[in-house]
Amino acid sequence: MPNPRRMRSWRDRLVTHMRGRYGDRGASATEYAGIVILVAGIIIAIRALGLDALISTAILNAVNQVLGG
């Protein structure tokens, strides 16, 4: 059976380490910029390939099926 004192000590060291400089404090501006660039690229690709009308029609058909219309 593990020693409870050793387990508590290990857990405390781990929590201290995670809250220190290695802790995740949220996304940085670079990560947000990357997401914006990725979404913009997807939108541009959809528009360039002419898929916007196809997607709109598919969504409209799905909504009509759900609403029974």
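This is a predicted model, so every value here is computed, not measured.
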Could you list all the side chain to side chain donor-acceptor pair (under 3.5 Å) pairs where at least one residue sits in residues 36-50, not counting sequence neighbours?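 Passing the test, one end in residues 36-50: Arg47-Asp52.
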Consider only side-chain heavy atoms of I, L, V, M, F, W and Y, link residues closer than 4.5 Å, and tell whether [X] and [Y] are in one cluster.
X: Leu67; Y: Ile59; result: yes
X: Ile55; Y: Val63; result: yes
X: Ile42; Y: Leu49; result: yes

Reported CD1-to-CG distance for the pair Ile46 and Leu54, which is rounded to 0.5 angstrom: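 Going from the CD1 atom of Ile46 to the CG atom of Leu54 covers 10.5 Å.
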Measuring from atom CG of Leu38 to atom CD1 of Ile43, what distance do you get when rounded to the nearest 0.5 angstrom?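 One gets 10.0 Å once the value is rounded to the nearest 0.5 Å.
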